[in-house]
Protein chains: 2
Amino acid sequence: MATLADVAKHAGVSASTVSYVLSGKRSISEQTRRRVEQSVIELGYHPNAGARALAARRSHIVALVVPLRADVYVPIMMEIAISVTMAARRHGYDVLLITNDEGVDGVRRVAASGLADGVILMDVELDDERIPALRAQGTQAALIGLPDNTAGLSCVDHDFTAAGALCADHLADLGHREIAFIGYGAGVYHRHAGYAERTLTGFRTRADQRGLRFLHRSCEGTYESTAGTLARILADRPDTTGFVVQNEGAIGPLLNLLRGMGRTVPEDASVVALCPEQLAEQYSPRLTAVTGPTKQLGRVAVEQVLGRIAAAGRGDRPGDELVLLTPVLTVRESTGPAPR
Amino acid sequence: MATLADVAKHAGVSASTVSYVLSGKRSISEQTRRRVEQSVIELGYHPNAGARALAARRSHIVALVVPLRADVYVPIMMEIAISVTMAARRHGYDVLLITNDEGVDGVRRVAASGLADGVILMDVELDDERIPALRAQGTQAALIGLPDNTAGLSCVDHDFTAAGALCADHLADLGHREIAFIGYGAGVYHRHAGYAERTLTGFRTRADQRGLRFLHRSCEGTYESTAGTLARILADRPDTTGFVVQNEGAIGPLLNLLRGMGRTVPEDASVVALCPEQLAEQYSPRLTAVTGPTKQLGRVAVEQVLGRIAAAGRGDRPGDELVLLTPVLTVRESTGPAPR
DNA sequence: TTGAAGTGTCGAAGCGCTTGAATTGACGGT
DNA sequence: ACCGTCAATTCAAGCGCTTCGACACTTCAA
């Protein structure tokens, strides 16, 4: 395996010159640069990652901590993981996968050993136990999700409040007046996953502004649970014509149940889902849905950590940053004008 | 950040002694070991990954190459990725995520730079272009999936042939005589993904042995495509009572369509799916399904690469290894005795 | 009593790269 | 002719760890 020294010899220059050609940190004459680049190619040289990390005190790796919980829609996690990886590559970084069963120690280990220059945390909870650890260690990080205290942190998340509001607006625009909001099961709210509450708040606020009557019911996402929830909703508010479904698991059952009781979507009832496009397209009828730009989540998180790493490298104190990505409502076949 | 030297000073021993305590590569007196371990804890010492990799010529990282294709069921990929990561950790290894858009170069890069000691390839195709690259570079690898030529390679995959046979046996046991096999769209077969063919072969062989009449029809997995496929099946073989569904995308549509035409599952028709448990549980009725042990796929792959890395480290030539994991058929609610 | 064979520890030489300081010319201004 | 300036290059000192060989000391068989 060729080393820097081999390249230097081959090109007839010193090792440091080769290093500078590769890093671009000092000016190099056109001639020398070309000779060196030629040698690099001829020898098939790849800088040794360990040596580079040791000398430069920078591994060019960020760690991505993925949750193991089953209640998150898995394809989305994968999409984030992939967008993180691709974004990182564009900046010359690689991504180390850390599962959350290592817990706080995983982050500590990877940061303290210099294996990773920074960390991206997915599925951050409101009072996430990993955050104090980050602060204590001075580890550079970007969080996907919003904790309650974001001071000194870089965070990115979907704007769930806006998502909730979009649902309310859409149904109001179509003339619906009685809406049911089918939320998550108690577990999700207990876990302090802020997104559930923020969506609800956004919806509630806008619904009030638009003069909608609505009902919020939590739902576990199973068939049975959805059946129960729907029954209670229709018992309490028989005139409900609009449904907002936050829990992806409840979508299929809800559609089946409505069909089963003879209510046609969208003629008799409109359904708006809060879910990835992929899912929305999968049902019949295809669902009008509010979707956040998942790939950007990964991209922004990468830019945030790398920004912080660069700042810390310059000796600056990295500032906070809070990015909320605007969701989009796509009208498909599951919503229509309210029946009279 | 504490270094080896700091620990040595703190414990009153030489740096090499600390190193040997940590690696266990030479015998150390009980007393010294304890003093060193104490110092490690007190100083919060974490060995520097770069330095270790440089000196030992081993990064303790394996790269996992994940496909970007959308036609693979994503949660399974995630499950594999996670089981790989956890298995690797158990052996003191970390996992680097590589997306397949880097193609062959990604593998080359991480191996040549010493970033990773080995590579795990997911979604291997029959004549995968990455395999010659591995051979040329002498990169240690484990493949998840079966290429056509496995000489000198370590591979692990589900035993799809057995999976197909299980389906045939189950339906035959229940007395079904006319079976339809709903396969993948042409794209999957063209891509030379061996699993599609192996499953079909396993089914076909066993079906013949058991005296079943069957029909194989490919299907894209969309609602429309499934409707067309089903219509053709019932036109050709109106007495079909058993369905084997290989394409996960066709499951939901098939169930809906059967319901729509008044055929009750499992009274009028039995459906066996080839899919993850998670998916099988999600439908109503819950599906009798053949499922491979996904987590083991990751675990075995890790053991294979690490085994090869260790062998190469000892100077041995790592041998081939081919592991096929036995799938399991779980009876749920979608299959029953054939109607007379 | 002596040598051979362990045990436990240390010293020092790297591993392949980065980077601050030093060096060498070339050029332009005075 | 001289000096300061600047661009291009080289030197050399690490970065923090592993590991080979050496060394001192025990132990035990001959």
Side-chain angles (χ1 to χ4, degrees), chain A residues 1-37 39-40 43-61 92 109 111-117 313-315, chain B residues 1-37 39-40 43-61 92 109-115 117 313-315:
Chain A
M1 199 105 294
T3 70
L4 228 221
D6 297 335
V7 176
K9 200 175 302 168
H10 187 273
V13 296
S14 75
S16 40
T17 300
V18 177
S19 177
Y20 288 123
V21 168
L22 263 37
S23 69
K25 291 193 180 173
R26 282 195 194 169
S27 52
I28 295 284
S29 70
E30 194 51 35
Q31 212 198 64
T32 309
R33 159 181 290 105
R34 263 205 289 274
R35 262 220 321 283
V36 170
E37 282 166 352
S39 300
V40 165
L43 299 181
Y45 169 70
H46 284 266
N48 178 63
R52 194 218 279 265
L54 177 57
R57 330 171 120 260
R58 189 122 300 167
S59 66
H60 292 270
I61 290 178
R109 179 176 65 82
S113 67
L115 221 196
D117 298 336
R314 286 192 309 271
Chain B
M1 200 105 294
T3 71
L4 227 222
D6 297 335
V7 176
K9 200 177 302 167
H10 187 273
V13 296
S14 75
S16 42
T17 300
V18 177
S19 178
Y20 286 124
V21 168
L22 261 38
S23 70
K25 292 193 179 173
R26 279 197 190 174
S27 53
I28 294 285
S29 70
E30 194 50 36
Q31 211 198 63
T32 308
R33 160 183 289 106
R34 263 207 287 275
R35 264 220 319 283
V36 170
E37 282 166 352
S39 299
V40 165
L43 299 180
Y45 170 70
H46 284 266
N48 177 354
R52 193 218 280 265
L54 177 57
R57 333 170 117 258
R58 188 123 299 169
S59 66
H60 291 271
I61 290 178
R109 182 176 64 81
V110 294
S113 67
L115 220 196
D117 299 334
R314 286 193 308 271

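Note on naming: letters A, B, ... go to the chains in the order of the sequence lines (proteins, then strands), and numbering restarts at 1 for each one. Just so it is clear, the model here is predicted, and its values are computed rather than measured.
When the nucleotides D:dT9, D:dC15, C:dC10 are ranked by their closest atom to the side chain of B:Arg26, C:dC10 comes out on top. In this structure, the nucleotide among C:dT18, D:dC20, C:dG11 sitting nearest to the side chain of A:Ala56 is C:dT18. Distances were taken from every side-chain heavy atom of B:Ala55 (C-beta onward) to each of D:dC17, C:dG16, C:dC10; the shortest belongs to D:dC17. If you check C:dG11, C:dG8, D:dC11 against the side chain of B:Ser29, the one that comes closest is C:dG8. When distances run from any side-chain atom of A:Arg57 to the nucleotides D:dC17, C:dG8, D:dC15, the shortest one goes to D:dC15.
Formation of a donor-acceptor pair under 3.5 Å by the A:Ser113 side chain with backbone atoms of B:His46 is not found in this model. A:Ser59 places no side-chain N or O within 3.5 Å of a backbone atom of A:Ala53 that could act as its donor or acceptor partner. Panel note: side chain A:Ser39, backbone A:Arg35; a donor-acceptor pair is recorded below 3.5 Å.
In terms of position on DNA chain D, the residue among B:Gly50 and B:Ser23 whose nearest nucleotide sits closer to the 5' end is B:Gly50. Between B:Leu54 and A:Ser19, the residue anchored closer to the 5' end of DNA chain C is B:Leu54, taking for each the nucleotide with the nearest heavy atom. Both B:Val18 and B:Ala51 sit near DNA chain C, but only B:Val18 has its closest nucleotide nearer the 5' end.
Taking atom CD1 on A:Ile28 and atom C1' on D:dT10, their separation rounds to 11 Å, with Å as the unit. Atom CE in B:Met1 sits roughly 13 Å away from atom C1' in D:dG16 (whole-Å rounding). In this structure, CG of B:Leu115 is placed 16 Å from P of C:dG16, rounded to the nearest angstrom. Following rounding to the nearest Å, B:His60 (NE2) and D:dC17 (P) show an atom-to-atom distance of 13 Å. Rounding to whole angstrom units, NZ of residue B:Lys9 and P of C:dC10 are separated by 14 Å. B:His46 places its NE2 atom 16 Å from the C1' atom of D:dC17, with the value rounded to the nearest Å. Straight-line distance from the CZ atom of B:Arg33 to the P atom of C:dG8: 9 Å, rounded to whole Å. Spacing between atom CZ of A:Arg58 and atom C1' of D:dG16 amounts to 17 Å, rounded to whole angstrom units.
Contact check, A:Arg52 against C:dT18: a side-chain N or O comes under 4.0 Å of OP1 or OP2. Residue B:Lys25 places at least one side-chain N or O closer than 4.0 Å to OP1 or OP2 of D:dT19. OP1 or OP2 of D:dC11 has not a single side-chain nitrogen or oxygen of A:Ser16 nearer than 4.0 Å. One finds no side-chain N or O of A:Thr3 lying less than 4.0 angstrom from the OP1 or OP2 phosphate oxygen of C:dG16. Residue A:Thr17 places at least one side-chain N or O closer than 4.0 Å to OP1 or OP2 of D:dT10.
In this structure, B:Leu4 reaches the bases: a heavy-atom distance under 4.0 Å links it to at least one base atom across the strands shown.
No side-chain heavy atom of B:Val13 sits less than 4.5 Å from a side-chain heavy atom of B:Tyr20.
Contact of B:Tyr20 with C:dG11 (side chain to base): no donor-acceptor pair of N or O atoms is detected under 3.5 Å.
When all heavy atoms of B:Glu37 and B:Val21 are compared, the pair lying nearest together is CG-CG1, 4.4 Å.
Distance check, rounded to the nearest 0.5 Å: CG of A:Asn48 to OG1 of A:Thr3 gives 9.5 Å.
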